[in-house]
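In what follows, a single structure is set out as structure tokens and then discussed.
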Amino acid sequence: MSSLPPAFTETADAPQLPQAGLPAPAFSPLYQQIKGLILQSLQAGEWKPGEAIPSEMELAARFRVSQGTVRKAIDELASENLVTRRQGKGTFVATHAERHVQYRFLKLMPDSGDASVEGPAQRHIVECKRVRSSADVARTLGLRTGDAVMQARRVLSFSGVPTILEDIWLPGQAFKGLSANQLAAYPGPTYAMFELDFGVRMVRAEEKIRAVLPTAEQAQALQVAPDTPLLSVERIAFTYNDVPMELRRGLYRTDTHHYHNELN
């Protein structure tokens, strides 16, 4: 009898050659399988954002693999900013309440100084309501057309100057009860509030960027002339296992700010 749990077999480390004429079986290294199981626990909320996960020794015993295999899986999770290692303290679930995680998702920077000097944006929530999703929003969020979504619109200002106009759509079931007061009152990053109040952690995002001219309504909201070029940023944010949880469409003024991206 193998001492490995049912999820693992000897073929994980020593795959058999395919028979002639048959396609090669998919091969996943053992540490990748362990990474997948840890991700499942993160997605299920076994360990909350900011909490410590079990030690490498404990996880090795739990999954009946070597400590080195667990370490390799955790190294990969850390490189993807899903967990953070703290010297002498252990490994913790990454959270948007941490400064370095916040700035992974904050891309608009002031031309003079950094964002921490500028301070947090002032938020004006124009609306926040439960609606039926359109076809394109449903497709983006993996829903059916007409499924409930929470739709919010807000204006973010810096030093009293309206700078960002955002429309946000969130799956209605996961964000049931989200209110304008909640969006406006939380003092930290919005993604941190999503973690704390709804148990949803955004772990990565995809963006499309283009230059556009605003509509009359958008120009009025940002207090710019109708012929002012703006930066249009469409973001899809995902939780664990690439489940889409947010569609965000923003218009950015760039007369005093610039869009900053770090490429590794």
Side-chain angles (χ1 to χ4, degrees), residues 7-8 12-13 26-60 62-63 65-109 115 140-142 168 170-171 174-175 188-209 233-248 250 259-264:
F8 310 115
D13 287 315
F27 170 66
S28 176
L30 190 54
Y31 81 90
Q32 287 281 0
Q33 297 179 49
I34 299 302
K35 175 187 173 185
L37 290 176
I38 295 173
L39 275 173
Q40 286 179 20
S41 293
L42 289 170
Q43 187 175 30
E46 181 176 346
W47 313 303
K48 307 296 184 188
E51 289 183 354
I53 69 172
S55 68
E56 291 176 1
M57 187 178 299
E58 291 171 317
L59 289 172
R62 171 174 172 169
F63 298 128
V65 297
S66 71
Q67 203 169 327
T69 298
V70 171
R71 183 176 300 117
K72 195 169 183 181
I74 292 177
D75 283 344
E76 201 159 286
L77 292 168
S79 71
E80 296 171 5
N81 296 294
L82 299 180
V83 299
T84 57
R85 294 185 182 275
R86 297 179 191 167
Q87 189 66 35
K89 295 184 178 179
T91 302
F92 295 77
V93 183
T95 169
H96 285 280
E98 295 173 354
R99 181 181 173 83
H100 78 277
V101 178
Q102 293 175 24
Y103 284 87
R104 284 182 58 230
F105 287 79
L106 178 61
K107 302 295 186 181
L108 198 70
M109 298 293 181
T140 301
L141 293 178
I168 300 171
L170 304 159
F175 290 91
T190 301
Y191 283 171
M193 185 266 285
F194 289 169
E195 287 179 3
L196 181 66
D197 292 351
F198 298 96
V200 176
R201 178 164 188 266
M202 307 301 184
V203 299
R204 73 174 190 91
E206 296 176 354
E207 292 185 332
K208 296 178 183 177
I209 303 175
V233 181
E234 179 175 293
R235 173 190 294 179
I236 305 171
F238 300 83
T239 189
Y240 300 110
N241 291 314
D242 280 342
V243 178
M245 293 300 287
E246 178 198 53
L247 170 61
R248 183 181 299 212
Y259 199 84
H260 175 82
N261 204 3
E262 261 186 40
L263 303 178
N264 295 320

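The analysis underlying the following values was restricted to heavy atoms, covering all of them including side chains, and did not include hydrogens, waters or symmetry mates.
- From L141, atom CG reaches atom CG of L247 across 6.0 Å, with rounding to the nearest 0.5 Å.
- Using a 4.0 Å cut-off between charged nitrogen and carboxylate oxygen, R204 and E206 count as a salt-bridge pair.
- Between F63 and I34 the shortest heavy-atom distance is CB-CD1, 3.7 Å.
- Atom-to-atom distance recorded for Q67:CD and M57:CE is 5.0 Å, nearest 0.5 angstrom.
- Between E234 atom CD and R248 atom CZ the span is 12.5 Å, to the nearest 0.5 Å.
- Between I168 and E246, the shortest heavy-atom distance links the atoms CG2-OE2, 3.7 Å.
- Here the closest heavy-atom approach between residue P244 and residue P171 is recorded as O-CG, 4.4 Å.
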side-chain contact (heavy atoms from CB on, under 4.5 Å) for Y240 and Q40? Distances and angles first, verdict last. CA-CA 8 Å; Y240 300 110; Q40 286 179 20; over 6 Å; no

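- In this structure a side-chain-to-backbone donor-acceptor pair under 3.5 Å is present from T239 to R201.
- For the pair R235/M202, no side-chain contact is recorded, criterion being any heavy-atom separation below 4.5 Å from C-beta on.
- Rounding to the nearest 0.5 Å places CG of L42 at 9.0 Å from CG of N241.
- Ring orientation note: the planes of F194 and F175 are nearly perpendicular, at an angle over 60° on the 30°/60° scale.
- Residue pairs meeting the salt bridge (charged side-chain N to carboxylate O under 4.0 Å, His left out) criterion with at least one partner in residues 36-58, sequence neighbours excluded, are E46-R62, E56-R71, E56-R85.
- Put simply, the side chain of L59 reaches to within 4.5 Å of the side chain of I53, judged on heavy atoms.
- Applying the side-chain hydrogen bond (donor to acceptor under 3.5 Å, both in side chains) criterion to T190, with sequence neighbours excluded, gives R154.
- For the pair L77/L39, a side-chain contact is recorded, criterion being any heavy-atom separation below 4.5 Å from C-beta on.
- Residues Y31 and A73 share a closest heavy-atom pair of O-CB, 3.4 Å.
- Nearest heavy atom pair, residue A94 against residue N81, reads CB-O, 3.3 Å.
- Shown here for V83 and I74, the closest heavy-atom pair between the two residues is CG2-O, 4.0 Å.
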